[in-house]
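Here is the structure we will look at.
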Amino acid sequence: MSDTICISVSHRRGTSHYLINRFKKRYAAFFVLFLGGMLSYGSFNIYQLYQQNEVSNVQLSQLNVQAEQLSDSLSEENATNQVLSQELEDKKNELMMLEQRIDDVEAILGLQAENTNVPLEQRVDSAAISSAVRGTLFRLIPNGSPTPNIRMSSGFGTRIHPVTGKRKRHNGLDFAANIGTPIYAPADGVIENVRPSNKGSGNFIKLSHSFGFMSTYSHMKKFNVKRGQFVRKGDLLGWTGNSGLSTGPHLHYEIRFLGRALNPRNFVMWTPDNFDSLFEKEKSVQWATMLEMINNVVAMQVQLTQAPSLEATIKTANTASRQSDQRQL
């Protein structure tokens with residue numbers, strides 16, 4: 001019986017060893033399969049990471065290219081902004097200079113008090129028209145002395161004639177000019193008459209101006225113009241002398257309006273600084289109507305010539321200013 005028990009125990013031990021060995025083999029096989037699976041899964045993940053890294057590198061390269069393009073564009077934009085800013089600054093300086101010039105013109109024309117808080121465009125138009133009207137008047141109506149810096153020796157009005165000794169009206173001014181003193185046209189006009197003579201007024205010129213005005217020059221020595229010739233203010237008409245009924249070298253100068261003699265002194269003393277003086281002293285001319293007519297003509301000319309260029313300048317400056325403000329926003 002003990003032998004039977006020993007055989008049974010031995011059999012059980014053999015069976016246990018068999019089961020253990022079989023379990024070990026199965027566990028080893030399972031471990032190998034598990035380890036292989038893990039290695040395969042790890043290799044797959046590494047490959048995915050590699051692919052993702054390649055895609056990221058491509059995207060990074062694209063982003064670098066875009067960043068360089070944006071940097072170049074930003075540099076160009078900055079350069080453009082600098083150019084536009086400089087142009088805007090130049091336009092502002094031009095407008096400041098224009099305002100200063102307008103201030104100077106208004107001061108000369110006496111318009112500053114009338115143009116308080118008036119837009120620049122209107123101030124320019126007003127100053128341009130006023131200065132153009134005055135310039136037109138000083139071109140077309142006799143003003144200043146025909147013999148600059150020469151003393152007036154006899155005035156306008158009734159006097160004792162130096163030759164006849166009789167009381168007679170003196171319709172002009174006498175300038176005590178030496179023989180050969182230049183005589184200049186006091187305004188634009190056309191030579192109506194050139195008359196050589198040794199009697200009366202002597203060598204004589206009649207110069208017709210605009211709006212019914214006329215000037216005459218007597219006792220001349222020599223002429224520099226011919227009948228029918230158009231002359232401009234400041235042109236040389238001839239030279240003073242002592243021809244005709246005269247007691248000594250001088251120029252007899254007259255100004256007439258529609259044939260009526262006016263006091264030449266008012267015209268000789270008329271300058272831009274005392275613009276209104278002529279209208280106040282010489283009441284025989286309807287100045288208001290004439291000024292209104294000239295003002296209308298000059299206003300149209302100013303609008304056709306000066307206003308467009310000024311509008312373009314202001315428009316350009318305003319456009320540049322708006323572009324600058326938009327970029328800052």
Side-chain angles (χ1 to χ4, degrees), residues 136-148 150 152-159 161-164 167-177 182-197 199-220 223-241 243-246 250-271 274-291 293-294:
T136 300
L137 288 174
F138 281 104
R139 291 289 306 187
L140 301 180
I141 298 177
N143 61 92
S145 174
T147 55
I150 299 300
M152 288 182 286
S153 58
S154 182
F156 178 83
T158 304
R159 66 169 188 173
H161 195 280
V163 176
T164 63
R167 193 171 184 82
K168 185 178 180 181
R169 182 172 179 80
H170 189 234
N171 289 326
L173 290 180
D174 288 344
F175 291 89
I183 302 172
Y184 300 102
D188 295 354
V190 58
I191 304 299
E192 182 177 339
N193 190 11
V194 176
R195 186 185 66 200
S197 176
K199 299 179 180 180
S201 297
N203 295 328
F204 172 86
I205 285 179
K206 180 188 292 186
L207 175 57
S208 293
H209 305 285
S210 301
F211 309 115
F213 290 94
M214 176 189 68
S215 59
T216 64
Y217 311 83
S218 303
H219 310 298
M220 296 177 61
F223 306 117
N224 190 55
V225 292
K226 297 179 180 179
R227 184 176 183 274
Q229 179 179 339
F230 288 92
V231 296
R232 302 180 64 182
K233 178 178 173 60
D235 285 351
L236 179 64
L237 301 179
W239 296 266
T240 60
S243 58
L245 187 60
S246 173
H250 73 286
L251 170 68
H252 178 77
Y253 175 58
E254 293 186 9
I255 291 180
R256 293 177 178 267
F257 176 71
L258 301 179
R260 178 183 178 183
L262 305 179
N263 188 351
R265 184 182 180 86
N266 297 332
F267 294 83
V268 171
M269 303 303 294
W270 186 40
T271 67
N274 59 355
F275 180 74
D276 295 332
S277 63
L278 179 64
F279 314 134
E280 295 171 355
K281 294 179 180 179
E282 191 53 71
K283 304 293 186 179
S284 61
V285 180
Q286 297 182 8
W287 299 110
T289 305
M290 183 181 68
L291 288 173
M293 180 184 66
I294 296 177

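The first residue of the sequence shown is numbered 1, and numbering continues consecutively from there.
- Nearest heavy atoms, Gly259 versus Arg256: O-NH1, 2.9 Å.
- In summary, Asp188 and Arg139 engage in a salt bridge, as defined by a charged side-chain N under 4.0 Å from a carboxylate O.
- Ring geometry, Trp270 versus Trp287: the interplanar angle falls from 30° to 60°, so the pair is classed tilted.
- Nearest heavy-atom pair, Ile183 versus Trp239, reported as atom, atom and distance to 0.1 Å: CD1-C, 3.8 Å.
- Nearest heavy-atom pair across Ile255 and Pro142 is CD1-CB, 3.8 Å.
- In Arg265, the CZ atom is not crowded: 12 or fewer heavy atoms of neighbouring residues, nucleotides or ligands sit closer than 6.0 Å.
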Let me see the working for Lys281 and Asn263 under side-chain hydrogen bond (donor to acceptor under 3.5 Å, both in side chains), right down to the final yes or no.
CA-CA 9 Å; Lys281 294 179 180 179; Asn263 188 351; over 6 Å; no
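- The distance from the CE atom of Met152 to the OG1 atom of Thr147 is 9.5 Å, given to the nearest 0.5 Å.
- When each of Glu254, His209, Lys206 is paired with Ser215, the side-chain hydrogen bond (donor to acceptor under 3.5 Å, both in side chains) condition holds for His209 and for no other.
- Put simply, the side chain of His219 never gets that close to the backbone of His252: no donor and acceptor are under 3.5 Å apart.
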How far apart are the C-alpha atoms of Tyr253 and Tyr217, what are their side-chain angles, what is the distance that settles it, and do they pass the ring pair (Phe, Tyr, Trp, His ring centres under 6.0 Å) test?
CA-CA 5 Å; Tyr253 175 58; Tyr217 311 83; 5.4 Å; yes
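- Between Ala187 and Leu207, the closest heavy-atom pair is O-CD2, 4.2 Å.
- Applying the 6.0 Å contact sphere to CE of Met290 captures more than 12 heavy atoms from other residues, nucleotides or ligands.
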